[in-house]
Amino acid sequence: MDSKLKATLTTLHSHLAQSGPLDEESRALLSQLDGDIQQLLARNAAAEADVAEQSSTFGLAERAQELGAKFAVKHPHLEPALRELGNILSSMGI
């Protein structure tokens, strides 16, 4: 599942690079989500299962889906990648 998540993140980063400038709020929200997902991937790679750390990633799927909805209007080409990201995180139970 991590490989599919990484591939989706790569696609999202590619779309972001082509999308042009983002407003400060959108950039901050995406940056926070990306940081949280990168931490999750690092933890999974290290096979750490600390309950306190797991609670900090709760809601990543919902946040990705909310961002997808926000971006659907201003950046419609980003919405499918964010939706897929939310679905992957949701299927991982995150």
Side-chain angles (χ1 to χ4, degrees):
M1 188 66 68
D2 283 356
S3 62
K4 187 172 183 178
L5 180 58
K6 288 178 184 178
T8 302
L9 285 173
T10 300
T11 300
L12 181 58
H13 281 278
S14 174
H15 287 304
L16 282 169
Q18 298 171 2
S19 71
L22 296 175
D23 61 84
E24 193 61 36
E25 178 187 9
S26 297
R27 185 174 301 285
L29 291 169
L30 283 171
S31 179
Q32 181 181 12
L33 180 66
D34 183 57
D36 291 344
I37 291 170
Q38 295 301 331
Q39 287 178 355
L40 173 70
L41 290 171
R43 265 201 322 272
N44 285 350
E48 295 178 11
D50 182 23
V51 174
E53 286 181 329
Q54 288 177 356
S55 67
S56 70
T57 61
F58 181 75
L60 286 177
E62 291 82 10
R63 286 179 22 215
Q65 291 169 346
E66 287 174 12
L67 279 174
K70 282 186 175 188
F71 277 71
V73 174
K74 290 185 180 178
H75 305 281
H77 58 284
L78 297 177
E79 191 269 336
L82 285 166
R83 184 175 1 101
E84 183 178 349
L85 180 63
N87 290 339
I88 292 169
L89 291 168
S90 180
S91 70
M92 293 174 72
I94 298 171

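- The structure places OG1 of Thr10 at 9.5 Å from CG of Leu5, a figure rounded to the nearest 0.5 Å.
- Here the NZ atom belonging to Lys4 is positioned 12.5 Å from the CG atom belonging to Leu9, to the nearest 0.5 angstrom.
- Nearest heavy-atom pair, His15 versus Leu78, reported as atom, atom and distance to 0.1 Å: CB-CD2, 3.2 Å.
- Checking Gln65, Glu25, Glu79 one by one against Lys70, the side-chain contact (heavy atoms from CB on, under 4.5 Å) holds for a single residue, Glu25.
- The nearest pair of heavy atoms linking Leu12 to Ala81 is CD1-CB, 4.0 Å.
- In this structure, the separation between CD1 on Ile88 and CZ on Arg83 is 12.0 Å, given to the nearest 0.5 Å.
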- Message: Working note: Ile37 + Leu89, criterion side-chain contact (heavy atoms from CB on, under 4.5 Å); need CA distance, chi angles, decisive distance, verdict.
- Response: CA-CA 9 Å; Ile37 291 170; Leu89 291 168; 4.0 Å; yes
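- A heavy-atom distance below 4.5 Å is found between the side chains of Leu85 and Leu33.
- Using a 4.5 Å cut-off on side-chain heavy atoms (C-beta onward), Leu30 and Leu82 make contact.
- When side chains are defined from C-beta on, Arg63 counts as touching Asp36, because their heavy atoms get closer than 4.5 Å.
- Using a 4.5 Å heavy-atom threshold, the side chains of Gln18 and His77 count as separate.
- When atom types are taken as modelled, the side chain of Thr11 and the backbone of Ala7 share a donor-acceptor pair closer than 3.5 angstrom.
- Closest approach of Ala61 and Gly86 over heavy atoms only: CB-O, 3.5 Å.
- Atom CG in Leu16 sits 10.0 Å away from atom OG in Ser26 (nearest 0.5 Å).
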